[in-house]
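To start, the structure itself, in structure tokens.
In the text below, chain A, chain B and the rest are named by the order of the sequence lines, each starting its count at 1.
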Amino acid sequence: MSDDDAGRLVRAAANGDQAAWEALVDRYARLVYTVARGFRLDDADVADVSQATWLRLVENLDKLRDPGSVGAWLATTARREALALLRNRWEVPSPEFTNSELMDELQPEPWQRLVAEETDAELWRAYRQLPIRCQELLRLLVFEPVGSYAIAAAALSVPIGSLGPSRARCLARLRALLNQPAPQRRT
Amino acid sequence: MSDDRLTTSEKELLVRLGSLLAEVDSVPESVRAAAVASYSWRSPDSELAQLVESMSGVAEVRGDEARLLTFRAESITIEVEVIPVRDRLRIVGQLVPPQPARVQVEQPGSESTVGTDADSLGRFMLDGTAPGPARLVCTLADSGPICTEWTTL
């Protein structure tokens, strides 16, 4: 989906097209969920952040300055909602978390490993060997439009210009890991 | 701009990674359903009152920690204090300028809408709000409904 498609869906949804809305949810529900989960939130809070983010899109459908960039808008909004919830909870002024600090603790659940083994074991093994920062960046680059700096920059709250070298480096490392022979299976 | 100049092989790799992560990191059905259902809260004919101030950790008379929120629309300001009462929230509000109005709390996932009438001084109180995303809808005597921005309480 290009920016144009995203913009069309936003405009159609603003005019009452339920199917266009569902298409937007299909494209970006996982982006919103991924951004929310990057913070130290429990499942109920992640659900609240996701819900609040989508409700805010509903109320802003006809107000977005650039409907084609709705992916980046959703990433920014989810990040703000998550930070607002944390601030509110901890009553500390504006903690500026980076996702990566928090994601260092994220390990794949056993079931994730199982699913991944069935889907694309080789790629999963390579991906999990990447530095956390690369894993975090690449997981934000898979959303449409694929490779978009705008979405990743919005989700991480970093300047767009800082992502070019990182994207190339992380993809090169992933490819290098893929080309290595798989390690001997331990039993 | 749309793909920020990915090479073909880079794009292929990201698409492959995307399919993998979609399987591994799938969104719970309840979260997706809530996102779809958000659309039913579309209210293009109401005026939006923006959140202009939010203060948390305000000591309340009885020692509870309250949160102060100020929403502003063109013709009216809605000031509310959100006070935790056991596992629910009490909303004590004031309309500025003072005027009578119907005030309702809307929450996705809640079957019924709780409402009350603000008195002639514009004061109102609502009990029983669940923590989570919510908005207030004010219906004034002489205008259409005014909705506050969705805010996670």
Side-chain angles (χ1 to χ4, degrees), chain A residues 2-4 13-14 16 18 21-22 25-26 29-30 32-34 37 43-44 46-59 61-63 81 84-85 87-88 91 108 112 115-116 118-120 123-124 127 138-139 141-143 145-150 164 167-168 171 174-175 178, chain B residues 1-7 9-28 30-44 46 48 50-51 54-58 65 67 82 106-109 131-135 147-153:
Chain A
S2 71
D3 285 8
D4 283 355
Q18 168 94 31
W21 175 260
E22 291 187 23
V25 172
D26 285 339
R30 199 161 54 82
V32 170
Y33 186 70
T34 299
R37 283 215 324 177
D43 289 350
V46 168
D48 278 352
V49 167
S50 169
Q51 169 108 72
T53 302
W54 287 102
L55 287 166
R56 298 194 61 89
L57 180 58
V58 171
E59 87 194 352
L61 275 173
D62 55 357
K63 302 185 186 69
E81 289 292 330
L85 198 141
R87 210 160 37 231
N88 196 22
E91 294 156 17
Q112 287 186 323
V115 173
E118 281 176 18
T119 311
D120 194 341
L123 180 58
W124 178 243
Y127 175 74
L138 293 184
R139 77 191 303 161
L141 289 174
V142 302
F143 298 100
V146 172
S148 161
Y149 293 136
R167 187 182 75 179
L171 282 168
L174 181 60
R175 186 170 300 288
L178 266 174
Chain B
M1 167 66 204
S2 71
D3 63 359
D4 295 317
R5 292 194 309 282
L6 282 168
T7 65
S9 72
E10 282 179 330
K11 184 164 184 181
E12 277 169 10
L13 189 54
L14 278 176
V15 168
R16 190 173 150 198
L17 183 64
S19 320
L20 173 65
L21 291 176
E23 292 288 325
V24 173
D25 218 8
S26 60
V27 179
S30 60
V31 171
R32 198 197 106 85
V36 170
S38 301
Y39 194 61
S40 64
W41 295 97
R42 208 166 71 92
S43 45
S46 60
L48 189 64
Q50 309 257 12
L51 179 65
S54 168
M55 280 165 58
S56 48
V58 179
E65 294 284 317
R67 194 173 161 208
V82 183
E106 292 186 338
Q107 293 200 280
R135 72 173 175 186
C147 295
T148 65
E149 281 185 83
W150 287 102
T151 307
T152 304
L153 300 181

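Proximity to chain A (any heavy atom under 4.5 Å) is shown, for B:Ala22, by both the backbone and the side chain. Looking at B:Ser54, there are no atoms closer than 4.5 Å to chain A (heavy atoms on both sides), in backbone or side chain. Contacts between A:Asp26 and chain B at a heavy-atom distance below 4.5 Å involve backbone atoms as well as side-chain atoms. Using a 4.5 Å cut-off between heavy atoms, A:Leu57 makes no contact with chain B at all.
Side-chain N or O atoms of A:Arg56 include none that pairs as donor or acceptor with a backbone N or O of B:Glu149 at under 3.5 Å. The backbone N or O of B:Leu21 sits nowhere less than 3.5 Å from a side-chain atom of A:Trp124 that would complete a donor-acceptor pair. Side-chain N or O atoms of A:Arg175 include none that pairs as donor or acceptor with a backbone N or O of B:Leu13 at under 3.5 Å.
The shortest side-chain heavy-atom distance between B:Thr152 and A:Val49 does not fall under the 4.5 Å cut-off. Within the 4.5 Å cutoff, no side-chain heavy atoms of B:Arg16 are placed close to those of A:Val142. A 4.5 Å side-chain heavy-atom check between B:Asp25 and A:Arg37 finds at least one atom pair inside the cut-off. Residues B:Ser26 and A:Arg30 have side chains not in contact (no heavy-atom distance under 4.5 Å, counting atoms from C-beta outward). The shortest side-chain heavy-atom distance between B:Ser19 and A:Asp120 does not fall under the 4.5 Å cut-off. At a threshold of 4.5 Å between non-hydrogen side-chain atoms, the residues B:Cys147 and A:Glu59 do not count as touching.
The two residues B:Ser38 and A:Val58 have their closest heavy-atom pair at O-CG2, 3.5 Å. Taking each heavy atom of B:Pro133 and A:Asp48 in turn, the nearest pair found is CD-OD1, 3.6 Å.
Rounding to the nearest 0.5 angstrom, the gap separating the OG atom in A:Ser148 from the CG atom in B:Leu14 is 11.0 Å. In this structure, B:Arg42 CZ and A:Trp21 CH2 are separated by 10.0 Å, a value rounded to the nearest 0.5 Å. Note that the CD atom of A:Glu81 and the CH2 atom of B:Trp150 stand 12.0 Å from one another [nearest 0.5 Å]. Atom CZ in A:Arg167 sits 6.0 Å away from atom CD in B:Glu10 (nearest 0.5 Å). A distance of 8.5 Å separates OH in A:Tyr127 from CG in B:Leu20, rounded to the nearest 0.5 Å.
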Please walk me through it: do B:Tyr39 and A:Leu55 pass side chain to side chain contact (heavy atoms under 4.5 Å, CB included)?
CA-CA 7 Å; B:Tyr39 194 61; A:Leu55 287 166; over 6 Å; no
Step by step, would you call A:Val32 with B:Val27 a side chain to side chain contact (heavy atoms under 4.5 Å, CB included)?
CA-CA 10 Å; A:Val32 170; B:Val27 179; over 6 Å; no
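Most heavy-atom pairs under 4.5 Å with chain A, from the set B:Leu48, B:Val31, B:Val36: that is B:Val36. Comparing A:Ala52, A:Ser50, A:Ala29, A:Ala13 by heavy-atom pairs within less than 4.5 Å of chain B, the highest count is held by A:Ala13.
Annotation: A:Asp62, atom CG; neighbour count of heavy atoms from other residues, nucleotides and ligands within 6.0 Å is above 12.
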